[in-house]
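Below you'll find the structure, written out as structure tokens, and then a few comments.
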Amino acid sequence: PDMVVLSAGAHVSLLSDFEWMLDRVVGEHTALFPEVKLVWASQPGAGCGKSPLEKPPDWAGGGPSYNWPHFADFDAAARTRFGHPTAARENRFMLDLAPLALRADAHPGSRGDI
């Protein structure tokens with residue numbers, strides 16, 4: 001492929017694990033596929049429902065599977081690896097989905113909203 005778009009924050013619970021994963025992705029890209037454009041997408045919207053959120057969720061939902069409070073930190077970590085001029089020279093780019101941050105994610109029926 002000419003381009004690959006990745007994102008994984010919804011599947012990682014700790015910032016340290018997310019940073020490790022980003023560094024691994026960058027290293028593998030550099031070593032194996034430097035000619036392929038690698039685009040990291042920032043975190044999508046969070047929360048469940050059928051309408052936009054008034055603010056990002058700030059609760060942990062009782063377990064590590066709800067990591068919404070970490071999304072801003074995850075995005076900041078990704079920007080240091082994908083969102084600067086050096087990264088662009090190395091064929092790495094950042095797709096900023098921040099305008100969609102208050103969009104409910106793709107599970108409108110998971111909390112009885114429909």
TODO: Could you please spell out the steps behind the side-chain contact (heavy atoms from CB on, under 4.5 Å) verdict for Leu15 and Phe74?
DONE: CA-CA 7 Å; Leu15 179 59; Phe74 289 175; 3.8 Å; yes
Open item on the list: So which atom in Ser7 and which in Ser42 form the shortest heavy-atom distance, rounded to 0.1 Å?
Closed with: OG-O, 3.9 Å
Open item on the list: For Ala78 versus Trp40, what's the shortest heavy-atom pair and its separation?
Closed with: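 The pair with the smallest heavy-atom distance is CB-CD1, 3.5 Å.
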[X] [atom1] to [Y] [atom2] distance, which is reported to the nearest 0.5 Å:
X: Asp73; Y: Phe18; atom1: CG; atom2: CZ; value: 10.0 Å
X: Asp75; Y: Leu97; atom1: CG; atom2: CG; value: 8.0 Å
X: Asn91; Y: Leu38; atom1: CG; atom2: CG; value: 8.5 Å

Can I get a per-line list of side-chain donor-acceptor pairs under 3.5 Å for residues 21-30, giving both atom names and the distance, sequence neighbours left out?
from  : atom 1 : to    : atom 2 : distance (Å)
Asp23 : OD1    : Arg81 : NE     : 2.6
Asp23 : OD1    : Arg81 : NH2    : 3.3
Arg24 : NE     : Glu28 : OE2    : 3.3
His29 : NE2    : Phe33 : O      : 3.2
His29 : NE2    : Val36 : O      : 2.7
Thr30 : OG1    : Val26 : O      : 2.9

- [ ] Could you list the residues that satisfy side chain to side chain contact (heavy atoms under 4.5 Å, CB included) with Leu14, not counting sequence neighbours?
- [x]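 Per chain and number, Leu14 pairs via side chain to side chain contact (heavy atoms under 4.5 Å, CB included) with Ser16, Asp17.
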Open item on the list: List the residues meeting side chain to side chain contact (heavy atoms under 4.5 Å, CB included) with His11, not counting sequence neighbours, and say none if there are none.
Closed with: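 If we apply the side chain to side chain contact (heavy atoms under 4.5 Å, CB included) test to His11, skipping adjacent residues, there are no hits.
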- [ ] Could you tell me whether the side chain of Met94 reaches within less than 4.5 Å of the side chain of Val39, counting heavy atoms only?
- [x] no
